[in-house]
Amino acid sequence: MARLAQTAGLTDVQQEIVSTVRDFVDKEIIPVATELEHRDEYPQQIVDGLKELGLFGLMIPEEYGGLGESLLTYALCVEEIARGWMSVSGIINTHFIVAYMLKQHGTQEQKDHFLPRMAAGDIRGAFSMSEPALGSDVSAISSKAVRDGDEYVLSGQKMWLTNGGTSSLVAVLVRSDEGHPEGTAPHKSMTTFLVEKEPGFGEVRAGLTIPGKIEKMGYKGVDTTELIMDGLRVPADRVLGGVTGRGFYQMMDGVEVGRVNVAARGCGVAQRAFELGVSYAQQRHTFGKPIAQHQAIQFKLAEMATKVEAAHAMMVNAARKKDSGQRNDLEAGMAKYLASEYCKEVVEDAFRIHGGYGFSKEYEIERLYREAPMLLIGEGTAEIQKMIIGRRLLEEYRFQG
């Protein structure tokens, strides 16, 4: 049987990159992922290996030391990494979004300063929109930036930073009312700041504190943190793009490619769950034969495989649409919505196939069962995706009365 989720039309270079990442996952990630996850240990050795492979610069242009690859290539690599351990794909994803935002929206000085070191993996990125009192309502952001000469003074509390501790560069979205009269729409008075800091926890630079890791049900290993700004001074030349008031659009552009990434993660986790389920079904015997020979289990396997294929196809379509230069918020929203929901369902079916052993921490499916729910909320909940999809459909199919 051909392996599930194959991608037609790849170049030789793309095939070689994805194959190299798959081999790395099989040899370096899968054998240690569950142990590291149970210890909630940052996978430094794995991250160092990804750095050697050049994955931190996969989409950064060659002129800045990166590989200059497409979003599709990146998404396929993320799919493979998430198949091994989803937390590792999170370490790459936030870095990738910041690099993408710099590439698309940064000034030339900002690109020259940051991108070569990001491509080498010497600077690790994180991005920050959410706050404790808001979820998907970005317009309600209360963190502020106030101009003071050649600097801005930032204050406020941010939430849910992946790589918050281990990163050395954070793209932070705050309100900046300078130059925007009262009554200006909230999304037009937001600015993204590029905040450099030391990795670690506590006060990582004057006015900036990373309190510590947030304890989570799953998605362990990678650090998820708060970020507290209290009189944080940032030079004016660290406004992304050099102009205030564009932060919302810059962040939404980053989140759009991030949704393709989350879809890829869902595809990868679902693939691994299917692999575990189909393997266990052929080993476990009941009533004198492997449970895979029972029709009820075959039906489950058929449904699981079909969902893996469907999610992968939608993810690939969304990535290719973005690579073509076209608007892809509809496709990205559909891919993220479908892949995360199907991932949850495939993981649960694999969990059921394992029976009582699925509840044991000795089996890998237990880890996947705790990891899948994060994809339902990361980069926008299912409800947010449906809103995006619905609005875009009404734009495309406007009634002509």
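- Counted by atom type alone, Ser130 and Lys158 present zero donor-acceptor pairs between their side chains at under 3.5 Å.
- At a threshold of 4.0 Å, the pair Glu383-Lys386 does not count as salt-bridged, since none of the basic side-chain nitrogens sits closer than that to a carboxylate oxygen.
- A salt bridge links Asp26 with Arg83: at least one charged nitrogen is closer than 4.0 Å to a carboxylate oxygen.
- Side-chain contact check for Thr34 and Arg367: at least one donor-acceptor pair (N or O, by modelled atom type) lies under 3.5 Å.
- A cation-pi arrangement is not found for Arg233 relative to Tyr152, the charged atom failing to lie both closer than 6.0 Å to the ring centre and inside a 45° cone about the ring normal.
- Nearest heavy-atom pair, Leu301 versus Gly277, reported as atom, atom and distance to 0.1 Å: CD2-C, 4.2 Å.
- Using a cut-off of 4.0 Å between Lys/Arg side-chain N and Asp/Glu carboxylate O, Glu109 and Arg238 are scored as salt-bridged.
- The residues Glu395 and Arg327 are annotated as salt-bridged, a charged nitrogen and a carboxylate oxygen being separated by less than 4.0 angstrom.
- For the atom pair Gln385 CD and Leu330 CG, the distance stands at 11.0 Å (nearest 0.5 Å).
- Side chain of Gln110 to backbone of Asp237: a donor-acceptor contact under 3.5 angstrom is found.
- Taking the charged nitrogens against the carboxylate oxygens, Lys307 and Glu341 have no contact shorter than 4.0 Å, which rules out a salt bridge.
- Salt-bridge check for Glu348 with Arg352: passed, with a basic side-chain N closer than 4.0 Å to an acidic carboxylate O.
- Counting only distance, with no hydrogens or angles, the side chain of Glu226 and the backbone of Pro211 share no donor-acceptor pair below 3.5 Å.
- Salt-bridge check for Asp323 with Lys321: failed, with every basic side-chain N at 4.0 Å or more from each acidic carboxylate O.
- A donor-acceptor pair is defined here as one N or O able to donate and one able to accept, closer than 3.5 Å; such a pair exists between the side chain of Gln282 and the backbone of Val278.
- Annotation: side chain to side chain donor-acceptor pair (under 3.5 Å) contacts involving residues 203-212, sequence neighbours excluded, are absent.
- Ring-plane geometry between Tyr363 and Tyr357 is classed as tilted, the angle between the planes lying from 30 to 60 degrees on a 0 to 90 degree scale.
- Taking the charged nitrogens against the carboxylate oxygens, Lys220 and Glu371 have no contact shorter than 4.0 Å, which rules out a salt bridge.
- Using a 4.0 Å cut-off between a side-chain N of Lys or Arg and a carboxylate O of Asp or Glu, Arg392 and Glu396 qualify as a salt bridge.
- Between Val308 and Ala5 the shortest heavy-atom distance is CG1-CB, 4.4 Å.
- His285 contributes a side-chain N or O that, together with a main-chain N or O of Gln283, makes up a donor-acceptor pair within less than 3.5 Å.
- Side-chain contact, Ser360 with His354: no donor N or O sits under 3.5 Å from an acceptor N or O.
- Judged by distance alone, with hydrogens and angles left aside, the side-chain atoms of Lys336 form a donor-acceptor pair with the main-chain N or O of Leu375 at under 3.5 Å.
- Checked by atom type, the side-chain pair Asn163/His95 shows no donor-acceptor distance below 3.5 Å.
- Atom OG1 of Thr20 sits about 11.0 Å away from atom CD of Glu80, to the nearest 0.5 Å.
- Look at Arg39 and Glu35 and you find a salt bridge, because one of the NZ, NE, NH1 or NH2 atoms lies within 4.0 Å of a carboxylate O, short of that distance.
- Atoms CZ and CG, from Arg22 and Leu76 in turn, are 9.0 Å apart once rounded to the nearest 0.5 Å.
- Taken to the nearest 0.5 Å, the CD1 atom of Ile123 stands 6.0 Å off from the NE2 atom of His113.
- Counting only distance, with no hydrogens or angles, the side chain of Gln298 and the backbone of Ala292 share a donor-acceptor pair below 3.5 Å.
- Under the 30°/60° scheme for interplanar angles, the aromatic rings of Phe351 and Phe359 are found to stand perpendicular.
- Atom OG of residue Ser143 and atom CZ of residue Arg175 lie 10.5 Å apart, to the nearest 0.5 angstrom.
- Salt bridge present: Asp40 and Lys213 bring a charged side-chain N and a carboxylate O closer than 4.0 Å.
- Between Arg272 and Glu275 there is a salt bridge, since at least one side-chain N of the basic residue sits less than 4.0 Å from a carboxylate O of the acidic one.
- Not one N or O on the side chain of Thr73 forms a donor-acceptor pair closer than 3.5 Å with the backbone of Glu69.
- If you check the side chains of Thr191 and Ser176, you find a donor sitting under 3.5 Å from an acceptor.
- For the pair Lys51 and Phe56, the NZ or CZ position fails the cation-pi test of under 6.0 Å to the six-membered ring centre and within 45 degrees of the ring normal.
- With Thr166 as the partner, the side chain to side chain donor-acceptor pair (under 3.5 Å) test is satisfied by one option alone out of Asp223, Thr225, Thr94: Asp223.
- Lys322 has a carboxylate O that lies under 4.0 Å from a charged side-chain N of Asp253, or vice versa, which qualifies the two as a salt bridge.
- Look at Glu131 and Lys144 and you find no salt bridge, because none of the NZ, NE, NH1 or NH2 atoms lies under 4.0 Å from a carboxylate O.
- Annotation: the span from Leu276 atom CG to Met304 atom CE amounts to 8.5 Å, rounded to 0.5 Å.
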